[in-house]
Structure formats: structure tokens, C-alpha cells
Amino acid sequence: MTALPSLLAVALVTVMTLALGTWGVRLSRTSSDFMVASRTVRPGMNAAAVSGEYLSGASFLGIAALLLTFGAEVLWYPVGWTAGYLVLLTLVAAPLRRSGAYTLPDFAEARLASPLVRNVCSTLVVAIGWLYLVPQMEGAGITLTAATGAPSWVGPVVVGAVVLVAVAGGGMRSITLVQAFQYWLKLTALLVPAAVLLAVWAADDARPTVGAAGAWSTPLTSDVAGLYTTYSLILATFLGTMGLPHVVVRFYTSPDGRAARRTTLGVLALVGGFYLLPPAYAALGRAYGVADDATLVLDLPRLVVPGVVGDVLTGLVTAGAFAAFLSTSSGLAVAVSGVLTQDVTSRGLPGIRTMSDITAFRLAAIISVVVPTLAALALPNLGIARAVGLAFAVAASTFCPLLLLGIWWRRLTPPGAVAGLLTGGAGSMAAVAWSMGHGGFADSDAWLDVLLTQPAAWTVPMAFTVMIVVSLLTRSRVPAHTQRFLVRLHTPEALELERAP
Amino acid sequence: MAARGDRVRVTGPDRRSRPVPRRRDLHAQTALGDLYLRSLLRAQLRLAAVVVGVLMLTVGALPVLFVVLPGLVDRTLLGVPVPWVVIGVVTYPWLVVLGWWFVRRAERNESRFAELVEELEA
């Protein structure tokens with residue numbers, strides 16, 4: 001066994017990411033390029049970029065490993081992570097694009113004309129972004145350790161450094177290119193080894209059987225707690241996708257509302273296609289007698305095909321895994337630093353009176369990467385897919401009600417929005433804190449454990465209820481421009497172009 | 001729009017001023033404009049509700065299905081147990097079909113709305 005192909009693969013992915021990032025710098029001269037790629041990204045490219053950004057280490061490594069250990073009940077994760085885009089497509093995509101908002105705080109402020117709502121949203125974006133970034137960094141550490149034997153602190157530091165250079169150096173345009181490239185890299189890196197391994201398995205006359213019947217194929221435990229847990233996960237993933245800061249930012253780069261819809265449809269196909277692969281790894285892992293392995297995807301090639309072929313395949317999956325950590329982390333870093341730029345650094349810091357826009361963005365990028373890198377080194381590892389699942393629960397309990405009611409309900413008021421965001425945020429964050437203390441699993445069947453491990457089923461309805469009730473109680477605070485703003489959200493752009501004088 | 005290469009100092013949408021009313025918006029303040037919007041909004045919301053409803057009745061009903069028919073776990077389809085085929089494979093193309101249908105209908109609603117507006121203004 002040699003680590004050489006894996007080391008080469010990691011180096012290659014890193015160099016290509018940085019090269020594409022640097023090349024993009026020449027194209028992105030203005031700060032509007034930095035922020036939103038000047039809104040010229042076409043649906044095909046944008047769909048690959050959204051998918052490349054979205055398919056994180058949780059999808060690449062985490063799902064296969066959890067499927068191996070827990071069986072079919074984990075299938076709800078990838079299904080929910082895909083179906084979230086269908087909900088986003090139907091209720092949010094086109095209106096959000098037409099709102100002209102770049103980030104969620106922008107949307108909130110434009111819709112409700114309230115700086116307070118904006119500040120609450122900005123805080124939540126940073127919280128969700130960091131919550132999602134930390135497991136990516138931890139996963140990168142595990143990957144490098146499994147593939148090359150490097151100490152576990154190397155992964156977070158390498159990913160943090162590469163992301164920082166790519167984001168601070170090129171901004172969004174280069175990131176769009178990098179992300180689209182990384183979707184296809186990830187798909188290839190998972191598909192080719194899977195095909196080879198399946199062929200080797202099928203050609204083996206004495207091939208081991210999966211033995212898939214029974215508990216491993218049972219999609220949920222048939223008691224109330226099992227149903228609760230499954231539906232809570234479904235709710236969190238179906239509704240959480242629309243509230244992920246790095247996903248929302250991408251919609252602003254579409255030229256118009258229709259392109260935003262078509263982009264989302266493309267994402268549904270690309271993400272769904274990708275998720276067909278992890279179960280193959282889990283089944284093969286089970287056939288070859290792997291019991292419990294957080295880096296199953298990386299270890300399986302060497303186990304099934306020892307020798308040079310196995311090492312090369314391991315190199316390929318390592319490249320894919322590393323691409324997954326890099327792409328999601330840079331997408332999140334762009335989103336978090338966009339919010340930090342607008343709300344913190346461009347307002348000026350003590351001691352520095354004025355800063356150019358690009359300096360402010362770069363400073364924000366540094367903050368948004370360094371904090372989660374340090375957290376990844378210090379905090380306990382929850383397991384990447386579970387930790388990411390919690391970020392979805394927070395997004396579903398906060399931004400989902402804000403977006404749905406903001407887009408479709410005229411009576412939403414600023415006090416209602418703030419009350420709902422704080423309630424949903426507090427409930428889901430309490431669950432996150434509890435999970436961090438308990439390793440991410442319910443350690444008993446006690447209802448308190450079950451409710452806090454998968455909080456979405458109670459935090460989402462609670463946030464919606466509070467937002468609606470408080471809005472109805474503060475009717476006089478409905479913003480004056482509500483009607484005009486809703487017209488803009490739902491009117492096709494083509495109409496406005498034709499009618500322009 | 002600035003020519004390629006010009007420096008434009010913009011860091012995002014201008015948040016300090018209200019959205020400038022467009023011609024479209026002025027019409028919305030009239031009773032007729034309000035009527036247009038309500039009808040488009042209702043049509044799009046109804047369409048979204050139908051798609052999300054179908055999603056919940058199909059994919060969303062799977063957990064209940066497997067609880068009600070626990071025997072499905074031991075059945076196989078092409079040698080693979082039913083849960084893996086249904087949840088892990090069939091769901092994804094189904095989501096794309098639902099999405100594709102939604103995009104077509106949503107665009108049709110919008111074209112119809114555009115025609116209505118133009119007819120009334122002509």
C-alpha cells in the first residue's frame with residue numbers, strides 16, 4: 001500500500017482549484033464581479049456550480065459510511081437533500097431571484113425595510129455557515145489521515161488555506177468556474193471506482209453476498225419514535241435547503257427568474273444522479289465484510305482490488321473527497337464573507353477608518369475561514385452527515401418561514417419576522433448544543449433525547465406559528481411597500497423589458 | 001451596464017434606498033393591477049401547492065408505507081430489497097419529473113399573465 005497516488009491527487013486538486021481561481025481573477029476586475037459574477041451565469045453552468053458547491057464531504061464520504069453502519073434508514077438523508085431543491089424550485093427560486101437580493105439579509109431588509117430583521121438574519125447566516133463549515137474541515141482531516149497517514153490537524157489547515165486563497169483572490173466568478181468543474185470531478189471520482197469495483201465483484205466467481213435482508217434494509221423503526229425521527233429529518237432537509245446561505249447566493253447570479261427555475265431543475269437532476277452512487281459503496285462494503293468505517297469510500301478500493309489499481313482508485317476517490325471539502329467550504333466562505341463585508345467590515349473597523357470594497361471583502365474572507373478552521377481543531381467531531389443535518393434543521397427553523405411567508409404572505413411584519421427567527425433559531429440551536437454534548441445520537445429512547453436529536457418537527461411549526469401570530473398582532477407594522485415588492489417578486493422580467501420606455 | 005473592464009464600485013444591491021418604483025409597480029397600485037397580481041399569485045401558489053402536495057403524498061408517504069407494510073422489506077426487485085430500490089433509486093427521477101412539470105406550468109402561467117396585461121394595455 002502506498003499513499004503516493006493519494007498525495008498526488010490532493011496536490012492536483014489543490015493546484016487546479018488555485019489555478020482556476022487565479023485565472024478567474026483576471027476576469028473579475030470589479031467588485032460587482034467579485035460578489036455575483038455580474039449576473040451572467042447561464043443555467044447549465046450555474047446548475048453544475050450549485051451542485052458542485054452543495055455536494056459536500058457529507059454526501060461524498062458521510063452518506064456511504066452511515067449507510068454501511070445503519071442501513072436503509074440513512075437513505076432519507078440524500079433523498080431529503082435532493083427533494084429540498086424541489087421545494088425550493090416551487091416556492092422560492094424565481095421570486096427570490098426577482099427580489100434582487102444577493103444574500104438572505106438583503107432579502108429580509110428589502111422585503112421588510114427593517115435593519116433589525118437584517119441584523120438577526122446576518123447573525124443566522126454566519127451561524128449556519130460556520131455550523132456547516134466545521135464538519136467539512138473535520139472531514140478533510142479524517143480524509144487526509146485515512147489516505148496519507150497525515151496528522152488530523154493537517155486537513156483543516158490545508159482546506160482553510162486553499163479556500164482562503166481561492167475566495168479572497170478571485171471572488172465569485174472564479175468560484176463559479178471552480179464549482180462547476182468540481183461537480184464533474186466529484187461525480188467521476190465516485191462513479192469510476194464504483195464501476196470498477198462492481199465489475200471486479202461481479203467477475204468474482206466466489207463473490208461475497210450482501211445479505212441485504214432484515215434490519216439493514218429496514219428504512220425506519222416502526223414505532224412512534226422511529227416515525228417522529230424520520231419525519232423530522234424529512235422536514236429539516238425538505239425545508240432547510242432553501243435557507244442555506246451558500247445555496248441562496250447562487251440564485252442571484254442567474255440572469256432572471258426563469259433561468260433561476262431552470263438552474264434548480266438542473267440541480268435536481270445532477271444531485272439526484274450523484275446520490276445513486278453511495279448505496280453501491282455501502283453494499284460492496286457490507287459484502288466484503290467492512291463493519292463500521294467513517295472513510296469507507298476511501299478504503300474500499302484498496303480492500304477489493306489490492307495493488308496498484310487499488311492505490312490509483314484510492315487516489316481518485318481522495319481527489320473527489322478533497323474536491324467536496326474545498327467546494328462546499330469555499331461556497332460557504334463566499335456566502336459568510338459576503339454578509340460580513342456588508343454588515344461588518346465595510347462599515348469600518350476601529351482604528352481603520354476607510355477601506356476599499358475589495359479590502360473589506362478580503363478581510364471578511366479571512367474572518368469567515370479562520371474561525372471555523374480553529375473550531376474544527378478544537379470541537380468534538382459529531383460525524384459529518386449528522387452535523388450537516390443539524391445545520392439543515394437550523395436553516396429550516398429560521399430562513400424557511402421567513403422566505404415562504406415573505407414571498408407569499410402580505411401580512412408579514414418586521415416584529416413577526418424577528419420573533420419567528422429568534423424562536424426557531426433558539427429552539428434549533430439548543431438542539432445543536434445538546435447534540436454536541438451527546439455525540440449526535442439519541443443515547444436513549446427517552447422522548448427528550450429523541451426530540452433534541454431531530455428538532456425540526458417541533459422547531460419549524462413553532463417558528464411558523466410565532467411568525468404568523470406576532471405578525472397578525474402587529475398589523476399596523478405591515479411595510480408600506482409590501483404590495484409593490486410582491487408585484488416585483490412575481491412578475492416575469494420579460495414583461496418589464498418589453499414595457500420599458 | 002458598464003462596458004467590460006470599467007471599474008464599477010458596487011458591493012451588492014443598494015440597501016439604503018427603497019426599490020425604485022418601476023412602471024409595472026405604478027400599475028399595481030390601481031385596482032386593476034391589484035387584480036392581475038392576485039390572480040398570478042394565486043395561480044403560482046396553487047401550482048406550487050399541487051407539486052409539494054404530490055411530493056408529500058408520494059415520497060413523504062413512504063415512511064408510513066413501510067410501517068404499514070413491513071413485509072416490503074423482505075421483498076426484492078431484481079435481487080435488491082424493495083426499500084433500496086424505491087427510496088434509493090426511483091425517488092430521484094421522480095423528483096426531476098415533478099420539477100420539470102412545475103417549470104413548464106409556471107412559465108405558462110407567466111406567459112398567460114403577460115398576455116393579459118398587454119391586451120388590457122393595448
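We name chains A, B, ... by the order of the sequence lines, and we start the count at 1 in each one.
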Beyond-backbone contact of A:L67 with B:W84, side-chain heavy atoms, under 4.5 angstrom: yes
Of the backbone (N, CA, C, O) and the side chain (C-beta and beyond), which part of B:V89 lies under 4.5 Å from a heavy atom of chain A, both, or neither? both
Could you walk me through whether B:F66 and A:T218 pass side-chain contact (heavy atoms from CB on, under 4.5 Å), step by step? CA-CA 8 Å; B:F66 283 107; A:T218 307; over 6 Å; no
With a 3.5 Å distance limit and no angle check, can you tell me whether B:Y92 reaches the backbone of A:L268 through a side-chain donor-acceptor pair? no
Between A:I234 and B:P63, what is the shortest heavy-atom contact and its length? CD1-CG, 3.8 Å
Minimum heavy-atom distance between B:P83 and A:A72, given as atom pair plus value: CB-CB, 4.5 Å
More than 12 heavy atoms from other groups under 6.0 Å of CZ on A:R111: yes
With respect to chain B, which residue among A:G272, A:G71, A:P278 yields the maximal number of heavy-atom pairs within a distance under 4.5 Å? A:G272
Looking only at heavy atoms, which two atoms of B:E107 and A:R258 are closest? And how far apart? O-NH2, 3.3 Å
Does any backbone or side-chain atom of B:I87 lie under 4.5 Å from a heavy atom of chain A? Answer side chain, backbone, both or neither. both
Could you tell me which portion of B:S111 (side chain, backbone, both or neither) has an atom closer than 4.5 angstrom to a non-hydrogen atom of chain A? both
Interface residue of largest heavy-atom contact number with chain B, from A:G273, A:A269, A:G257, A:P78, under 4.5 Å: A:P78
Any idea which heavy atoms bring B:L41 and A:H490 closest together, and the distance? CD1-CD2, 3.8 Å
Output the distance between atom CG (B:L40) and atom CG (A:L486), rounded to the nearest 0.5 Å. 11.5 Å
Segment of B:V64 engaging chain A (4.5 angstrom heavy-atom cut-off): both
What residue, out of A:A94, A:P279, A:A83, has the most heavy-atom pairs lying under 4.5 Å from chain B? A:A83
Assert top hit (heavy-atom pairs under 4.5 Å, partner chain B, pool A:L265, A:T230, A:I407, A:L91) equals A:L265
From the list B:L95, B:V96, B:T91, side chain to side chain contact (heavy atoms under 4.5 Å, CB included) partner of A:T82 resolves to B:L95
Side chain, backbone, both or neither: which part of B:L62 has an atom under 4.5 Å from a heavy atom of chain A? both
When rounded to the nearest 0.5 angstrom, what distance separates CG in B:L98 from OG1 in A:T90? 9.5 Å
Nearest heavy-atom approach of B:V59 to A:F238 is CG1-CZ, 4.2 Å
